J.: 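Quick one: this structure, given as structure tokens, is what I'll be asking you about.
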Protein chains: 2
Amino acid sequence: MATTAYDRDVADTGSRPEQGGRRVSSEATPPPASRKATIRTVAAAAGVSTATVSRVMSGVSTVSPALAQRVREVAEQLSYRPSEAARGLALGGLRNIGVLMPDLGNAYFHDVVKGMHRAAADTGFRLLIADHAGDPANEFATAWDLMGHVDGLALLSSRLDLPRLRDLARQTVPVVLVNRVEPGVDLPMVGVDSFTATLEICAHLAGLGHRRVVYVSGSELAWQDRERWRAVRTSGRVLGIDAARVEAEGTLETGYAAVDAALAHEPTALVCFNDLAAIGVISRLRELGLDVPGDISVTGFDDIAIGSHVSPTLTTASSPRDALGRQAWQLLQEALEKANPSETTTLLTATLITRESSGPAR
Amino acid sequence: MATTAYDRDVADTGSRPEQGGRRVSSEATPPPASRKATIRTVAAAAGVSTATVSRVMSGVSTVSPALAQRVREVAEQLSYRPSEAARGLALGGLRNIGVLMPDLGNAYFHDVVKGMHRAAADTGFRLLIADHAGDPANEFATAWDLMGHVDGLALLSSRLDLPRLRDLARQTVPVVLVNRVEPGVDLPMVGVDSFTATLEICAHLAGLGHRRVVYVSGSELAWQDRERWRAVRTSGRVLGIDAARVEAEGTLETGYAAVDAALAHEPTALVCFNDLAAIGVISRLRELGLDVPGDISVTGFDDIAIGSHVSPTLTTASSPRDALGRQAWQLLQEALEKANPSETTTLLTATLITRESSGPAR
DNA sequence: GTGAAAGCGCTAACAT
DNA sequence: ATGTTAGCGCTTTCAC
């Protein structure tokens, strides 16, 4: 959701023909053309200096109420809007923070972003949201491009490999990793302990008599996927579960498509990477005439809202999305304040939520 | 997803103590501190002028390959990233376009945005995405704030009232209305003809013997809601359907919550504002022990992906989301090129999709 | 092919 | 309380 190409064929907002080499006293320039109001236009029209206009616009220091009022009126009248580009240049920062995620269509990310947004808004920061469809090359390009526009960058569920990650870490704009914990990288990060939560899911399943499960994976580039798959395999050893893995990408469509391969293992339960995949899986199972959980159990992960509105409702693990978002902002905030990016790592806990989609093994 | 507050307490990227009043020849400033590489740092380090660095970075005009290579290396080595703020200032535009929508969590919008993105990316534009939770005040504030950062603005399913809309139209940055057609406003706009599509839904229902339907609404501030409700009422006259309306907001939760009130009208069918609401509705009906479509039929609108993965699958109207997005970009593009914002209005067609959630009236 | 220098619109000392 | 002015980092004529 962002691009880097710099064609130049559009929108050069009119040519600006030679407009005098020297600056002229404010009053000398009457408000002529109707082009675009700048701080100078307003200053001239209001008969004050640009400094005063600037002060009024940012509500700073003491400007006499009467004057301020007049300036405000003129500004309003001229539809004057301070250029953020100029502001950013002068201030040395746009007060934007970039948020990059694999899939804008996944409600999970949306919830995390909401958490960040609330926290960021309180401090006067804007969020620039972009997605990269799970493609690392695209992710890197987008991150790189975004860096020019933002004061900080949050990578949600990044699919970047270590060299690329380190490359970004080396840049001057602070970066935080959300939903990924990568010991080898010098970056603040927050994640959810999905290993433990997935183990709980497996234990729950084992308790219901399941001995043969298949894991319907997420993107193999996702840290969460590695953690969850590791947990499923571990459950094999610890709980005596026979575990297989089939590939998917954590979306409705890939979940749906993975079912046939999964069924080849004759499992009694399907542990899915996330809720979206689980819903896709269930949809396909229904199509095949299989009842969930009668014939086979299915579990998700994330606890997105729709999980409790589908039939059967989803057994899943609830990630603390809001907390994740806030924590992410917290880290960014710290990185912004002190140039010293302390390598902080936080791991939040997800909790098992048992609903209808899991039942006794057949 | 954007804010306007301008606190000043963070990130002023270090103070810049008196650094000489006059500009000094490039070579006079050795690459000292490790602060942040600027074009001058790079120029000095590479022993060339800033003009050359600029040319190399934007791949413009002819710079001797050897020199270009050297500059690129130095830049790379210094982790130099041109500041977009400075660039934007000099160029008179950031090549950003803002996209504002009510609900980031609705897959429908996501699909529209994808369409826009693809189109915009080809022209070297970035998309800044923000949501406003359906609150007009928030929408206006966000739009206003965003205007400083973008070269164009797309308002998806805007909830703004006419005065506010006109206020935005009066500004210098081009604005297009997507998913809303408002005759009184001088703005380019694209919408989907949901009136006709909803009529088709009603006709479909009437054909199945339904005579008593209730419309589970969207936000009453949404143009689409007005159109759909108008269609439902019209169907009352034309098709002999007895129609009532209950309030919701086009989300899972509000759909779910609206069911009890809807049932008070003893309908045989529920026509929902969109798919999300329909899924919420069905979930509540199931909870009440009602079968869909056995006991009652339910229809949605939008044809989001999940609609064909839930049980029962949703009867709905398919909006041409991708086309919407592309058309939106098209309009923006035109507005960007010629200062003359021709008031263009396009209406796209939605088509009925019959699935499991609608059946014969009981 | 490359450099010098004039801004882009705004903010922040530093006067007054 | 208000005006002057020197930049912020980059692009872009205009010379050479």
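Residue numbering restarts at 1 for every chain, and letters A, B, ... go by the order of the sequence lines. Treat the numbers as computed from the prediction; the structure is a model and nothing was measured. The figures that follow rest on heavy atoms only: side chains count, while hydrogens, waters and symmetry mates do not.
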J.: Between B/E84 (CD) and D/dG9 (P), how many Å, whole number?
T.: 14 Å
J.: Are B/R170 and B/D167 close enough, and set up right, to give a salt bridge (Lys or Arg N to Asp or Glu O under 4.0 Å), and what steps lead you there?
T.: CA-CA 5 Å; B/R170 208 174 302 124; B/D167 204 351; 3.3 Å; yes
J.: Can you check the A/L89 CG to C/dG9 P distance for me, whole Å?
T.: 12 Å
J.: Looking only at the side chain of B/T50 (C-beta and beyond, no hydrogens), which of the listed nucleotides C/dC10, D/dT5, C/dA5 gets closest?
T.: C/dA5
J.: Within less than 4.0 Å of OP1 or OP2 of D/dG9, is there a side-chain N or O belonging to B/T38?
T.: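 Checking D/dG9 against B/T38, no side-chain N or O comes under 4.0 Å of OP1 or OP2.
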J.: Looking at B/Q69, B/R70, B/Q77, which hits side chain to side chain donor-acceptor pair (under 3.5 Å) with B/E73?
T.: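 Running side chain to side chain donor-acceptor pair (under 3.5 Å) over B/Q69, B/R70, B/Q77 with B/E73 returns exactly one hit, B/Q69.
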J.: Looking for any heavy atom pair under 4.0 Å, which part of the strands does B/S54 touch: base, sugar-phosphate only, or nothing?
T.: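 Base contact - B/S54 has a heavy atom under 4.0 Å of at least one base atom.
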J.: More 5' along DNA chain D: B/A85 or A/S64, using each one's nearest nucleotide?
T.: A/S64
J.: Any chance the side chains of B/H132 and B/R159 put a donor and an acceptor closer than 3.5 Å?
T.: no
J.: If you check every side-chain atom of B/L67, which of C/dT2, D/dT2, D/dC10 has the closest atom?
T.: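 For the B/L67 side chain, the nearest candidate turns out to be C/dT2.
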J.: Please state how far atom CZ in B/R95 lies from atom P in D/dC10, giving the value in whole angstrom units.
T.: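 Spelled out: CZ on B/R95 to P on D/dC10 is 18 Å.
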J.: Checking contacts here: which listed nucleotide (D/dC10, C/dT2, D/dT2) is nearest the side-chain heavy atoms of A/V63?
T.: D/dT2
J.: Do any side-chain nitrogens or oxygens of A/R81 fall under 4.0 Å of OP1 or OP2 in C/dG9?
T.: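 No.
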J.: Rounded to the Å, how far apart are A/H149 NE2 and D/dG9 P?
T.: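 It works out to 17 Å between those atoms.
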J.: On DNA chain D, nearest-nucleotide positions of A/P65 versus B/A86: which is more 5'?
T.: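 Checking each residue's closest nucleotide, the 5'-ward one belongs to A/P65.
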J.: Is a donor-acceptor contact shorter than 3.5 angstrom present between the side chain of A/R55 and the base of D/dG3?
T.: yes
J.: On the nucleotide C/dG9, are OP1 or OP2 found under 4.0 Å from the side-chain N or O atoms that A/S83 carries?
T.: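 Negative; the distance criterion is not met.
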J.: Considering only side-chain heavy atoms of B/S58, which listed nucleotide, C/dT11, D/dT11, C/dG9, is closest?
T.: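 Ranking C/dT11, D/dT11, C/dG9 by closest atom to the B/S58 side chain puts D/dT11 first.
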J.: Do NZ/NE/NH1/NH2 and the carboxylate oxygens of A/R95 and A/D151 come within less than 4.0 Å?
T.: no
